2 protein chains.
Amino acid sequence: MSNIREVSRAAGVSIATVSRAISSPDKVSETALKKVYAAIEKVGYRPNMMARNFRAVRAYSIVVLVPNLSNLFFATVIRGIEDAAQQKGYAVLLGDTRDSHDREQEYTRLVETRQADGILQLRPHTPGKSLEPDSGMPMVSACGCENTPYPSVRIDNTGAAREIVDYLITQGHRRIGVLAGLPDNPHSNDRLQGYRQSLENAGVPFDPDLLVNGDFTMGSGQMAASHFARMKDRPTAVFSMNDEMAIGCIQGLKSAGIRVPEEMSITGFDDIEFARYSDPPLTTIAQPAEELGRASFNTLLELIEGKELQQTETVLPYEFVVRKSTPALRR
Amino acid sequence: MSNIREVSRAAGVSIATVSRAISSPDKVSETALKKVYAAIEKVGYRPNMMARNFRAVRAYSIVVLVPNLSNLFFATVIRGIEDAAQQKGYAVLLGDTRDSHDREQEYTRLVETRQADGILQLRPHTPGKSLEPDSGMPMVSACGCENTPYPSVRIDNTGAAREIVDYLITQGHRRIGVLAGLPDNPHSNDRLQGYRQSLENAGVPFDPDLLVNGDFTMGSGQMAASHFARMKDRPTAVFSMNDEMAIGCIQGLKSAGIRVPEEMSITGFDDIEFARYSDPPLTTIAQPAEELGRASFNTLLELIEGKELQQTETVLPYEFVVRKSTPALRR
DNA sequence: CTGTTAGCGCATTCAC
DNA sequence: GTGAATGCGCTAACAG
């Protein structure tokens, strides 16, 4: 493997000149530049980034902590991260934690041992259970919630949920089921607040029987469906907190002989691509997933570079998408 | 940031002893060990991996090249890669190439510049268009095909396709549409061969009108549906080369007023989680996605470590999964 | 078993 | 503009 010294020999200049020719060509004479470039070509030189980064005390890479890469919303956020990182010359280290605290801890070590410069956390912050923000470790939440205790990028989850439930009420629904995440999930809680606000505005009392806790998988959506199907006083609509659960729920309802959307409307959240191809296509909240990724990377980069953050919280706009899963209620 | 020298001072031993205490404790006396560990604790030492890797001339990381991270099959393969890599102390650098040859080239540089030790390629090899295998660059295909010109892990795509089409024939079908990838896609070609073999075995002539080229997205499946719907002599079944296109196709057929599976059976490939929640649930080929990832990483690791490969091609078993999208043809 | 020392490839400081 | 020399943190060779 050729190094800078070989190039210097081939070019007949010092290694300092070669180094300068590469990183600050304006400080080198035309003639020297030409010789260096020719020599680089000749010996097939590729700079050793490990050495360069080692000296710069900068890994030029970040870690992405994601609970589950097979979640399409997360995968899309990561694409955005990767896009922004690539533009800025950073590499993205994948940390699929599989919801394991140990694995999360393990990946944290990459930063402590200088293999990475910072962390992008896709799991929303749960006090006690989550990685606590550590002043020495640059960390940004790419899918924040109302109480993220460190810099974050997010949408207004509560507002989005309120908007979607408001719409269901407009369509004539009063008994609206809610398919939430686990009770300690921050996204779920933010969205649940929007649900409750919407009901309250409409003068509809909150009925705990209508709340089912899932875990954002299609399987849990399917389980929830049998709960709703068995109820004596069934909801006429269900607000699911992500598209996967909504899709699982639709499948479960159909299996139970309930027609969707004729007998039960359903809404999702995220607007993954499958939402459009579901039967019926899902009314949902389109999150700017790639943009969340890009913005969170840029925030993290500022942190890494030691800049003062303009804003510790970035709230991006979402879009409410109406499809066929929510027709007007016929009575 | 504390380094090995600080530890040595705090422990009252030389830096060599500290280094040995960490990497080969059996070569250090009990007393020295204790002092070193105490000192590490005291100064909060974390080894600088950049320095260590630099010296070892090993990045302990690999690059995964994936055309599109939002493809669930790929995402699952990557989870397997990540799992195996983590166990062996390797980090996974994400290279979402977005089907861009330039980006692929860009990521290749990570290996040339020693930021990574090897490449795991998820895109099947297309002669001319793909990264050509370079003896200096360890590279393994995680989703290989019949003619991958470098080490690969794969399933028997042709056999799987044959099996699925055989089954459709058993169910009474004779006019079987095929929803393929682009004409130069190797996976598509391997599977198409299986399709043709099956037809030939059954004495059914190949009808080019029944072949539609998609691009493995749901959108292209939907487009294909309108082609099939418009045909005067429609197929009674469609073999789609992945689940996404099958799901898009179902949606398109339903929109065109064709009932699935009553009027048209359909099969997928991959067995992504959505296949089970599709309406109707898809008959498909379950690829051992995570295992493909794990196995390909282990192969790559052997290459990186300079071992002689036992086998240059690993063929893993798939599973044929029958669901409700393929009832027996009623005539 | 332990300490001293050289050197990995590079950027940078300081003379010239 | 250019070159010689230094050191980043670590491991390994060598000497004791």
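Convention: sequence-line order gives letters A, B, ...; per-chain numbering from 1. From a predicted model like this one, the values you see are computed outputs, not experimental measurements.
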Residue B:Y45, side-chain atoms from C-beta onward, closest of D:dC10, C:dT2, D:dT2
D:dC10
How close or far is atom P of C:dT12 from atom CD1 of A:I22, stated in whole angstroms?
12 Å
NA contact type, B:V13, heavy-atom cut-off 4.0 Å: base, sugar-phosphate, or nothing?
sugar-phosphate
Got a donor-acceptor pair under 3.5 Å from the side chain of A:R114 to the base of D:dG9?
no
Does D:dT11 have its OP1 or OP2 closer than 4.0 Å to a side-chain nitrogen or oxygen of B:R52?
yes
Could you tell me the separation between the OH atom of A:Y90 and the CD1 atom of A:I62, rounded to the nearest 0.5 Å?
9.5 Å
From the options D:dT2, D:dG9, C:dG9, select the nucleotide whose nearest atom is closest to the side chain of B:A51.
D:dG9
Of the nucleotides C:dT13, D:dG9, D:dA12, which one has an atom closest to the side chain of B:A16?
D:dA12
Side chain of B:F54 only, heavy atoms from C-beta on: which candidate in D:dT2, C:dC10, D:dG9 is closest?
D:dG9
Mind checking if B:V28 touches a base, just sugar-phosphate, or nothing, with heavy atoms under 4.0 Å?
sugar-phosphate
Intermediate values then yes/no, side-chain contact (heavy atoms from CB on, under 4.5 Å), A:R98 and B:D83:
CA-CA 10 Å; A:R98 298 178 182 241; B:D83 189 40; 3.9 Å; yes
Considering every strand and a 4.0 Å limit on heavy-atom distances, what is the contact class for A:R20: base, sugar-phosphate, or nothing?
base
Any carboxylate oxygen within less than 4.0 angstrom of a Lys/Arg side-chain nitrogen, looking at B:E305 and B:K88?
no
Mind calculating the distance between CD1 (A:I4) and P (C:dC8) to the nearest angstrom?
13 Å
Please give, in whole Å, the distance from D:dG9 C1' to B:R9 CZ?
13 Å
Short side-chain N/O contact from B:T17 to OP1 or OP2 of C:dC1, under 4.0 Å:
no
May I have the distance from A:K27 (atom NZ) to C:dA11 (atom P), rounded to whole angstrom?
13 Å
B:Q115 CD to C:dC10 P, in whole Å, measures 13 Å
Contact nearer the 5' end of DNA chain C, comparing A:S2 with B:S29:
B:S29
Let me confirm one number: the CG-CG distance from B:L93 to A:L93, rounded to the nearest 0.5 Å.
5.0 Å
Hey, is CD on B:E106 packed in by over 12 heavy atoms from elsewhere, all under 6.0 Å?
yes
Does this structure show an ion pair linking A:R109 with A:E112, if we count only N-O contacts that are shorter than 4.0 Å?
no
Counting only side-chain N and O atoms of A:S14, is one of them less than 4.0 Å from OP1 or OP2 of D:dA4?
no
Expressed as a whole number of angstroms, how long is the span from A:R55:CZ to D:dC10:C1'?
16 Å
Does C:dA11 have OP1 or OP2 sitting under 4.0 Å from an N or O in the side chain of A:S23?
no
Nearest to side-chain heavy atoms of A:I15, which nucleotide of C:dG7, C:dA11, C:dG3:
C:dA11
Rounded off to whole Å, could you give me the CE-to-P distance for the B:M50 and C:dC10 pair?
15 Å
Of the listed D:dA13, D:dC10, D:dT2, the closest approach to the B:N48 side chain comes from D:dC10
Heavy atoms only, 4.0 Å cut-off, all strands: where does A:A56 land among base, sugar-phosphate and nothing?
nothing
Please give, in whole Å, the distance from C:dG7 P to A:N3 CG?
14 Å
